[in-house]
Amino acid sequence: MINKLDATDEPEIEQESSKVSEQDSVIVQLVNKIIIDAVQSKVSDIHIEPYPGKDDVIVRYRVDGRCKVYQRIPYKYKYAIPSRIKIMCGLDISERRKPQDGKIDFKKFGPLDVELRVATVPTAGQLEDVVMRVLASGEAALPYDKLGLTERNSKVLLQCINQPYGLVLVVGPTGSGKTTTLHSAISVINTPETKIWTAEDPVEITQRGLRQVQVHPKIGFTFAAALRSFLRADPDVIMVGEMRDQETAEIGVESSLTGHLVFSTLHTNSAPETVTRLLDMELDPFSFSDAILCILAQRLCRRLCDCKQQYQPERKELEEIIMEYGVEDFKKTGINPAEIKLWKAVGCPKCGDSGYKGRLGIHELLEGTDQMKALIKRKSEIEQIRKQAIADGMTTLKQDGILKSFQGLTDLKEVRKVCIK
């Protein structure tokens with residue numbers, strides 16, 4: 001593909017962009033190929049990074065949460081490629097000084113039915129970076145038993161989602177699989193007897209039986225506005241993509257107290273932290289404590305490929321792991337340290353020699369028990385909330401990850417990458 005591109009002198013911006021009409025088929029084919037290869041390799045994001053001077057344009061893919069270089073393109077095309085992508089999503093190609101965002105509906109341009117969310121960012125030297133997020137268009141929800149929840153977490157979450165009303169939160173950073181988990185949980189209660197409304201941005205996973213709504217903050221149709229309209233539309237269950245602001249959170253809590261089951265997500269790092277974050281948003285501690293059923297915090301770490309190798313950890317490594325888990329907590333698990341086996345990544349053609357294939361969730365689930373509700377009403381410190389959650393049976397993210405590494409699902413290096421403590 002690339003050898004058709006001849007690397008001659010430094011291109012002129014205007015002249016280059018004007019060349020990117022439909023006729024410039026090399027660029028058209030190249031951009032299509034980048035997208036098609038990405039979709040086939042199950043990539044989540046495509047990064048296009050032009051450099052000043054005569055350095056190549058670098059294209060990077062993010063696979064299973066890690067970036068890797070996919071290819072280098074001669075610098076001559078550093079204006080043409082971003083311009084072509086902007087044409088595909090109908091953006092202003094003459095505006096290069098400020099960021100823009102749009103969407104590509106790829107089935108108009110190529111053989112795949114896939115949507116991409118596009119963001120352009122102006123970088124130094126009059127250049128533009130483009131980042132495309134491949135949206136899982138119309139994917140079905142993951143079955144609940146495939147979420148990889150431990151027995152206790154699975155049982156508590158099932159109890160919570162079968163309640164007639166209340167608030168269920170899933171928290172974690174961007175791209176930690178919160179929406180996937182919510183859709184899996186909702187698929188369990190998605191029956192003809194239950195009316196379920198969802199407000200999402202964007203709608204990535206579709207399920208029959210759900211009434212799914214795409215919010216448009218630019219025209220004032222925000223999560224809060226969608227939530228208000230749902231309350232007039234006779235819901236049993238409501239899912240809000242995200243509680244970004246106090247208003248959305250307040251309506252969410254009120255809806256859960258007026259007899260609806262409400263699901264939502266938040267960007268916080270751990271389950272106990274979520275409680276303090278929402279109280280900082282000046283939510284009423286009494287309504288919030290009455291509403292809360294459970295808070296599930298989660299992360300994704302890379303799953304070991306089948307080429308993994310088992311080994312017997314040395315004493316020093318075991319002591320470190322037990323210290324990380326917490327000596328007292330580890331005793332309660334009843335695991336005999338002498339019997340612990342660990343696995344390490346090897347690498348084979350199937351996983352592209354990385355040793356990892358696919359991802360797996362690690363979770364911590366804080367249950368809204370009576371003791372927990374009492375602490376929330378008193379606006380207790382985060383430490384007390386964490387202690388109470390652990391007393392109620394919560395394993396922390398790190399502990400959940402360590403237990404999953406004992407089962408050979410992932411390795412400790414991966415767990416440490418996504419959890420701090």
Next on the checklist: I'd like to know whether D392 forms a side chain to side chain donor-acceptor pair (under 3.5 Å) with T369, so could you lay out the CA-CA distance, the side-chain angles of the two residues, the decisive distance to 0.1 Å, and finally the verdict.
Outcome noted: CA-CA 8 Å; D392 291 335; T369 55; 2.7 Å; yes
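- Across all non-hydrogen atoms, the minimal contact from I189 to I196 is O-CD1, 4.0 Å.
- Looking at E364 and K398, no side-chain N of the basic residue comes within less than 4.0 Å of a carboxylate O on the acidic one, giving no salt bridge.
- The closest donor-acceptor contact from the side chain of R152 to the backbone of G393 lies under 3.5 Å.
- Listed for the T222 side chain is a donor-acceptor partner under 3.5 Å among the backbone atoms of A225.
- I385 places a side-chain heavy atom less than 4.5 Å from the side chain of M372.
- Taking the side chain as every heavy atom from C-beta outward, Q126 and K78 never approach each other to under 4.5 Å.
- Between the side chains of S405 and T410, no donor N or O sits under 3.5 Å from an acceptor N or O.
- Listed for the E414 side chain is a donor-acceptor partner under 3.5 Å among the backbone atoms of R302.
- A donor-acceptor pair under 3.5 Å is absent between the side-chain atoms of D101 and the main chain of T120, judged by distance alone.
- At least one side-chain heavy atom of I295 sits less than 4.5 Å from a side-chain heavy atom of V171.
- Residues T181 and T265 form no side-chain contact, since every pair of their non-hydrogen atoms from C-beta on lies 4.5 Å or further apart.
- Atom OH of Y165 has 12 or fewer neighbouring heavy atoms from other residues, nucleotides or ligands inside a 6.0 Å radius.
- Across G252 and V262, no two heavy atoms sit closer than the pair O-CG2, 3.7 Å.
- Two residues are said to be in side-chain contact when any heavy atoms from C-beta on lie closer than 4.5 Å; V134 and V114 meet this criterion.
- Between the D236 side chain and the K195 main chain, a donor and an acceptor come within less than 3.5 Å of each other.
- For T276 (side chain) and I382 (main-chain N/O), no donor-acceptor pair under 3.5 Å exists by modelled atom type.
- The neighbour count for R62 CZ, taken as heavy atoms of other residues, nucleotides or ligands under 6.0 Å away, is above 12.
- Heavy-atom neighbours of K417 NZ from other residues, nucleotides or ligands within 6.0 Å: above the threshold of 12.
- Contact of the H267 side chain with the K178 side chain is registered, since non-hydrogen atoms from C-beta on lie closer than 4.5 Å.
- Within the 3.5 Å criterion, the main-chain N or O of Y356 finds a donor-acceptor partner in the side chain of S354.
- Listed here is the closest heavy atom pair of D64 and K357: OD2-C, 3.9 Å.
- Environment of CD in Q310: crowded, with over 12 heavy atoms of neighbouring residues, nucleotides or ligands closer than 6.0 Å.
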Contacts under 3.5 angstrom, residues 325-333 side chains, donor-acceptor by atom type, not counting sequence neighbours:
residue, atom, partner, partner atom, Å
D329, OD2, Q399, NE2, 2.9
T333, OG1, F330, O, 2.5
T333, OG1, I335, N, 3.3

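- Panel note: side chain R228, backbone I251; no donor-acceptor pair is recorded below 3.5 Å.
- Contact check for K103 versus L135: side-chain heavy atoms found under the 4.5 Å cut-off.
- Distance alone, capped at 3.5 Å, places no donor-acceptor pair between the T248 side chain and the R244 backbone.
- Between the side chain of K404 and the backbone N or O of G148, at least one donor-acceptor pair lies under 3.5 Å.
- Contact check for I104 versus E115: no side-chain heavy atoms found under the 4.5 Å cut-off.
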Distance-only check: which donor-acceptor pairs under 3.5 Å involve side-chain atoms of residues 337-353, not counting sequence neighbours?
residue, atom, partner, partner atom, Å
K341, NZ, Q312, OE1, 3.1
K350, NZ, D306, OD2, 3.1

